[in-house]
Amino acid sequence: QLVESGGGLVRSGDSRRLSCVASGGPFSDYAMGWFRQAPGKEHEFVAAISRIGVIYYENFAKGRFTVSRDNAKNTVYLQMNSLKPEDTAVYYCAAKYGNFYYVRRNDYNYWGQGTQVTVSS
């Protein structure tokens, strides 16, 4: 089970940290990913982190977003800085058992319920 938190209403330029707590399995065996879905749009890959901490970002996230994980807390984070109105979306974390990082939605087996991030201009 994955449970996201940390969403909310922020202003353009603000920062926000999302958390995703996992339960039900050995967290350290899973690659984790963040996706988002804006109204009327498809799910969009944001960032991924492998079980050993190898990281990959979508281009729009590079330099503004940071993904990290704390295996002792079964938690993955997404630190978002310099937020823009176009970052408004429901943000989802996802998990996949495996040794690499994964960027495709269909790669992931488990999903959280999502947390809404709204960025006002």
Side-chain angles (χ1 to χ4, degrees):
Q1 182 181 7
L2 302 174
V3 179
E4 302 98 334
S5 62
L9 175 63
V10 299
R11 294 182 179 179
S12 182
D14 283 353
S15 297
R16 199 77 173 184
R17 189 177 80 159
L18 306 182
S19 300
C20 172
V21 179
S23 61
F27 180 73
S28 60
D29 286 349
Y30 286 79
M32 303 298 296
W34 286 98
F35 291 77
R36 69 184 186 182
Q37 187 173 26
K41 295 187 177 181
E42 297 290 323
H43 274 80
E44 180 178 38
F45 170 75
V46 178
I49 183 167
S50 75
R51 55 192 295 256
I52 61 170
V54 179
I55 291 170
Y56 185 82
Y57 296 102
E58 185 57 86
N59 284 339
F60 71 81
K62 292 178 181 178
R64 294 194 301 129
F65 293 6
T66 302
V67 62
S68 61
R69 65 189 297 161
D70 185 339
N71 288 343
K73 296 182 178 180
N74 289 358
T75 302
V76 62
Y77 304 98
L78 184 67
Q79 175 68 44
M80 304 184 294
N81 298 329
S82 302
L83 283 163
K84 306 174 183 179
E86 51 264 45
D87 293 318
T88 294
V90 178
Y91 284 74
Y92 299 89
C93 71
K96 173 181 171 55
Y97 183 85
N99 291 324
F100 306 105
Y101 61 78
Y102 304 90
V103 302
R104 298 181 305 173
R105 183 186 178 196
N106 290 342
D107 288 332
Y108 288 87
N109 309 111
Y110 305 100
W111 291 83
Q113 83 289 348
T115 186
Q116 175 72 47
V117 175
T118 303
V119 185
S120 64
S121 57

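- With rounding to the nearest 0.5 angstrom, the OG atom of S28 is 11.5 Å from the CG atom of D70.
- The hydrophobic cluster containing W111 also contains Y101, counting ILVMFWY residues as joined when their side-chain heavy atoms lie under 4.5 angstrom apart, directly or transitively.
- Following chains of ILVMFWY side-chain contacts shorter than 4.5 Å, one can reach Y92 starting from V103, so the two form part of one hydrophobic cluster.
- Closest heavy-atom contact between S121 and S12: CA-CB, 4.2 Å.
- Using a 4.5 Å heavy-atom threshold, the side chains of N109 and Y30 count as separate.
- A continuous path of hydrophobic side-chain contacts links I55 to M80 [ILVMFWY only; heavy atoms under 4.5 Å].
- Inspection of the Q116 and T118 side chains reveals an N or O donor paired with an N or O acceptor under 3.5 Å.
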- Item | Pair V3-Q113, side chain to side chain contact (heavy atoms under 4.5 Å, CB included): steps then yes or no | CA-CA 7 Å; V3 179; Q113 83 289 348; 4.3 Å; yes

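- Between the OH atom of Y56 and the CD1 atom of I49 there is a distance of 15.0 Å, given to the nearest 0.5 Å.
- For the pair F35/E44, no side-chain contact is recorded, criterion being any heavy-atom separation below 4.5 Å from C-beta on.
- Distance CZ/F65 to CG/D87: 4.0 Å, rounded to 0.5 Å.
- The shortest heavy-atom contact between V90 and G114 is CG1-CA, 3.8 Å.
- Here the closest heavy-atom approach between residue Y102 and residue F100 is recorded as CE1-O, 3.1 Å.
- Rounding to the nearest 0.5 Å gives a distance of 10.0 Å between CZ of R64 and OG of S15.
- To the nearest 0.5 Å, the span separating CD on E42 from CZ on R36 amounts to 14.0 Å.
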- Could you go step by step and tell me if Y91 and E4 meet the side chain to side chain contact (heavy atoms under 4.5 Å, CB included) rule? CA-CA 8 Å; Y91 284 74; E4 302 98 334; over 6 Å; no

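- In this structure, a donor-acceptor pair under 3.5 Å is absent between the side chains of Y77 and R17.
- Cation-pi check for R69 over F27 is met; the charged atom lies under 6.0 angstrom from the ring centroid and within 45 degrees of its normal.
- Atom CZ of F60 sits in a crowded spot, with more than 12 heavy atoms from other residues, nucleotides or ligands closer than 6.0 Å.
- Grouping the Ile, Leu, Val, Met, Phe, Trp and Tyr side chains by contacts below 4.5 angstrom, directly or via other members, places Y57 with M32.
- The CZ atom of R16 lies 10.5 Å from the CD atom of Q79; values are rounded to the nearest 0.5 Å.
- Taking each heavy atom of W34 and V67 in turn, the nearest pair found is CD1-CG2, 3.8 Å.
- Residues A47 and L78 approach most closely at CB-CD1, 4.4 Å, considering heavy atoms.
- Annotation for A38 and T88: closest pair CB-O, 3.6 Å, computed over non-hydrogen atoms.
- Under the 4.0 Å criterion applied to side-chain N and carboxylate O atoms, D14 and R11 are not assigned as salt-bridge partners.
- D29 meets the salt bridge (charged side-chain N to carboxylate O under 4.0 Å, His left out) test with R51; sequence neighbours excluded.
- Taking hydrophobic clusters as Ile, Leu, Val, Met, Phe, Trp and Tyr residues chained together by side-chain heavy-atom distances below 4.5 Å, Y110 shares a cluster with V46.
- Proximity of a side-chain donor or acceptor of T75 to a complementary backbone N or O of K73 within less than 3.5 Å is detected.
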- Stepwise, does the side chain to side chain contact (heavy atoms under 4.5 Å, CB included) test hold for R104 with F45? CA-CA 7 Å; R104 298 181 305 173; F45 170 75; over 6 Å; no

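- Each disulfide (SG to SG under 2.5 Å) pair with one or both residues in residues 22-87, not counting sequence neighbours, would appear here, but there are none.
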- Would T115 and L18 count as a side chain to side chain contact (heavy atoms under 4.5 Å, CB included) if you check the C-alpha gap in whole Å, the side-chain angles of each, and the deciding distance to 0.1 Å? CA-CA 8 Å; T115 186; L18 306 182; 4.0 Å; yes

